[in-house]
Amino acid sequence: MTNFVTWKRDTHAAARAAWERILDHSTVITVRRGSITLPPQTVRVIINGGAREDHDLRRGLDNTPALARAVVFGVRDHRDVPDTDLKRADRFVLHGAEYEIVFVTRHGGEVQAVCEARE
C-alpha cells in the first residue's frame with residue numbers, strides 16, 4: 001500500500017524539479033479558453049522537438065502551410081507556485097503562431113500539453 005506522506009513528499013520533490021527545468025528555459029504564455037483569457041503563466045515550451053524558437057513554422061515542399069507541434073511543460077503540486085492551468089482546446093500565441101492544445105497529461109509534479117499550430 002502507498003504511504004500517503006511519502007507519496008506527497010515525492011510529489012513535492014517532482015514539482016520542484018519540474019519548476020527548475022521550466023525556469024531553465026522559461027517563457028510566459030497567456031491562454032485563451034473560449035472567450036476567457038487566463039492570467040499569464042510561466043511554462044517551458046519545446047517547439048517541433050527542439051526546433052529553433054525564432055522560426056517555429058516551416059513550409060512544406062509545395063509551399064503549403066506546415067503543421068507545427070509543441071510541448072508545453074507546466075508545474076503541478078508545487079508548494080510555492082500555482083498549478084499550470086492547461087486544458088484541451090485552450091489556445092495561446094507564441095512567436096507569431098497560434099497554438100491549440102490537443103492533449104494534456106498530468107504527472108507527479110508536472111503538466112504536459114501537446115499543441116499544434118498552422119501558419
Side-chain angles (χ1 to χ4, degrees):
M1 178 180 249
T2 302
N3 180 320
F4 181 75
V5 173
T6 302
W7 174 82
K8 198 66 172 170
R9 184 174 51 242
D10 291 346
T11 300
H12 289 304
R16 285 192 311 274
W19 186 239
E20 288 299 319
R21 285 190 304 275
I22 290 166
L23 292 179
D24 188 41
H25 288 92
S26 66
T27 190
V28 175
I29 60 171
T30 302
V31 173
R32 283 185 298 117
R33 182 171 294 150
S35 61
I36 298 170
T37 301
L38 302 179
Q41 302 180 79
T42 301
V43 296
R44 181 175 186 163
V45 180
I46 297 178
I47 300 170
N48 286 340
R52 287 184 12 217
E53 292 184 6
D54 60 346
H55 67 292
D56 46 36
L57 293 177
R58 302 173 193 259
R59 292 212 166 258
L61 293 175
D62 60 355
N63 207 31
T64 58
L67 177 68
R69 294 201 170 145
V71 178
V72 177
F73 296 89
V75 71
R76 179 174 174 236
D77 296 329
H78 193 287
R79 289 182 179 150
D80 303 319
V81 180
D83 287 358
T84 304
D85 186 5
L86 300 173
K87 293 184 180 178
R88 188 176 187 278
D90 285 352
R91 294 176 178 263
F92 64 92
V93 174
L94 184 64
H95 304 300
E98 183 178 52
Y99 287 85
E100 180 176 348
I101 297 174
V102 295
F103 188 76
V104 178
T105 59
R106 288 169 177 75
H107 308 278
E110 71 179 322
V111 176
Q112 296 178 13
V114 176
C115 311
E116 293 182 347
R118 292 198 181 267
E119 187 174 48

* **4.5 Å side-chain heavy-atom contact, L94 and I47** => yes

* In terms of side-chain geometry, is the basic nitrogen of R76 or D83 positioned less than 4.0 Å from the acidic oxygen of its partner? -> no

* Asked: Are F92 and L38 co-members of a hydrophobic cluster defined by side-chain heavy atoms under 4.5 Å apart?
  -> yes

* Looking only at heavy atoms, what is the nearest atom pair of T105 and H107, with distance? -> OG1-NE2, 3.0 Å

* If you group Ile, Leu, Val, Met, Phe, Trp and Tyr by side-chain heavy-atom gaps below 4.5 Å, do V75 and L23 land in one group? -> yes

* Pick one: which of V43, I46, V111, D90 meets side chain to side chain contact (heavy atoms under 4.5 Å, CB included) with V72? -> V43

* **Verify same cluster id: V31, V104 (apolar side-chain graph, 4.5 Å)** => yes

* Asked: Taking all non-hydrogen atoms of both residues, which atom of T42 and which atom of T84 are closest, and how far apart?
  -> O-OG1, 4.4 Å

* To do: Any chance you could measure W19, atom CH2, to E110, atom CD, to the nearest 0.5 Å?
  => 13.0 Å

* **Sub-4.5 Å side-chain heavy-atom contact between V45 and Y99** => no

* Asked: Hey, are E116 and R69 close enough for a salt bridge, meaning a charged N less than 4.0 Å from a carboxylate O?
  -> yes

* Kindly say whether D85 contributes a backbone atom to a donor-acceptor pair with the side chain of Q41 at under 3.5 angstrom? => yes

* Asked: Between R91, K87, R88, which is the residue that forms a salt bridge (charged side-chain N to carboxylate O under 4.0 Å, His left out) with E100?
  -> R91

* To do: Might you point out which heavy atoms bring A14 and G108 nearest each other, and give the distance in Å?
  => CB-O, 3.2 Å

* Structure fact -> Residues at least two apart in sequence or cross-chain that pass salt bridge (Lys or Arg N to Asp or Glu O under 4.0 Å) with R32, listed by chain then number, are E98

* **More than 12 heavy atoms from other groups under 6.0 Å of CZ on R33** => yes

* Least distance between heavy atoms, I22 atom then G74 atom -> CD1-C, 3.5 Å

* Are V28 and V81 grouped together when hydrophobic residues (ILVMFWY) are joined by side-chain heavy atoms under 4.5 angstrom apart? -> no

* If we only count heavy atoms from C-beta on, is the I101 to V114 side-chain gap below 4.5 Å? -> no

